[in-house]
Amino acid sequence: MRNLDFSSFQGAFLTLLGLAVVTLIGVGVRLLMMTTVQQRRERMNRQINERLKTLISAYKVLGGSFTGELSVHPIHLRDINAQISAGTDGAATAIQTSERSRRIRDAVEGAISDILLLGNERHVRLAERAARDLVAGRPIETHELVVSLREFIREALDLDPLPADIVLPPQGPARAVSSNGRNKSEQGKGEGQGGGKSGGGMGGLGGGTGFHDDAEPPEHNA
């Protein structure tokens, strides 16, 4: 403030101009810092959202069932082909069960891969153990990994932890929808549409048929 000169008009003008330049530089630096911080925060929020979305999807795959078979069987396509080649009694049921188990295993493998990529240390350790069991041909249980994912997701979403007096049953992988059932459903829809079209065609055919002038009218019984 001691260097400010207001003794003359020119001195006052230069002093005010200098103050304006310094103020603009300070405002510009502050805006630049605020923009940088905001962009970084938005990028981190997007990363967190994508991470949570992926982990929630993995949670639904690994813990989407409370009943039935809650373990993952590491059956491979070569085992299914071996059962087909054997052709033993009950092969059809065994093949259908093997195909369903293979679809569940494929979905679980994808979920484990996502957890290895985006999970925390505990998630990665549990997923690594499950992956090794699958490679070794041992059935795996996903309940412990599901519980860890559930606790992490609820904490990340600022949700209260589950009450201590609630005891949930063990959770296992979601049962895959049978492709045969889906094909039958689609086939039924196609037949329904086809039936409607054929019915309309028959209606048009019936509407087009009639008696000609030279044809004898039908006899009516008294």
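Hydrogens, waters and symmetry mates are skipped; everything else that's a heavy atom, side chains included, is used.
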Exercise. Under a 4.5 Å side-chain heavy-atom rule over Ile, Leu, Val, Met, Phe, Trp and Tyr, are M33 and L31 clustered together?
Worked result: no
Seminar exercise, completed: Closest heavy-atom pair, P169 versus H143, reported as atoms and distance to 0.1 Å, is O-CE1, 3.9 Å
Problem set entry | side-chain contact (heavy atoms from CB on, under 4.5 Å) between I115 and L149, intermediate numbers included | CA-CA 9 Å; I115 293 172; L149 285 173; 3.7 Å; yes
Exercise. Is atom CD of E121 surrounded by more than 12 heavy atoms (other residues, nucleotides or ligands) closer than 6.0 Å?
Worked result: no
Seminar exercise, completed: With E109 as partner, the option from L134, V61, I104, V72 fulfilling side chain to side chain contact (heavy atoms under 4.5 Å, CB included) is L134
Seminar exercise, completed: d(L62 CG, I112 CD1) to nearest 0.5 Å is 6.5 Å
Exercise. Does some side-chain heavy atom of L162 sit less than 4.5 Å from a side-chain heavy atom of L168?
Worked result: yes
Seminar exercise, completed: Between L70 and T67, the two heavy atoms sitting closest are CD2-O, 3.6 Å
Tell me which donor-acceptor pairs under 3.5 Å the side chains of residues 22-30 have, and how far apart each pair is, sequence neighbours excluded?
unit_1 : atom_1 : unit_2 : atom_2 : d
T23    : OG1    : L19    : O      : 2.7

Exercise. Side chains of Q38 and R41: does their closest heavy-atom pair fall under 4.5 Å?
Worked result: no
Exercise. Between R129 and D133, is a salt bridge (Lys or Arg N to Asp or Glu O under 4.0 Å) present by the stated rule, with each step listed?
Worked result: CA-CA 6 Å; R129 187 176 67 186; D133 288 340; 5.2 Å; no
Exercise. Closest heavy-atom contact between V108 and P173?
Worked result: CG2-CB, 3.8 Å
Exercise. Does CZ in R154 sit with more than 12 non-hydrogen atoms of other residues, nucleotides or ligands closer than 6.0 Å?
Worked result: yes
Problem set entry | Over 12 non-hydrogen atoms of neighbours within 6.0 angstrom of CD in E128 | yes
For this session: Compare every heavy atom of V124 with every heavy atom of G119, then report the nearest pair and how far apart it is.
Result: O-CG2, 3.7 Å
For this session: Hey, could you give me each pair passing ring-ring contact (aromatic ring centres under 6.0 Å, His included) that has a residue in residues 45-64? Not counting sequence neighbours.
Result: none
Exercise. Are V147 and L52 connected in a single hydrophobic cluster, I mean Ile/Leu/Val/Met/Phe/Trp/Tyr linked by side-chain heavy atoms less than 4.5 Å apart?
Worked result: no
For this session: Search all heavy atoms of G172 against all heavy atoms of T142 and return the closest pair with its distance.
Result: CA-OG1, 3.7 Å
Exercise. When rounded to the nearest 0.5 angstrom, what distance separates NZ in K53 from CD in E50?
Worked result: 4.5 Å
For this session: Report yes if the side chains of D114 and L55 come closer than 4.5 Å at any heavy-atom pair, otherwise no.
Result: no
Exercise. For R51, which residues count as a side-chain hydrogen bond (donor to acceptor under 3.5 Å, both in side chains) partner, sequence neighbours excluded?
Worked result: none
Problem set entry | Nearest atoms (heavy-atom pairs only) where E144 meets R122 | OE2-NH2, 3.4 Å
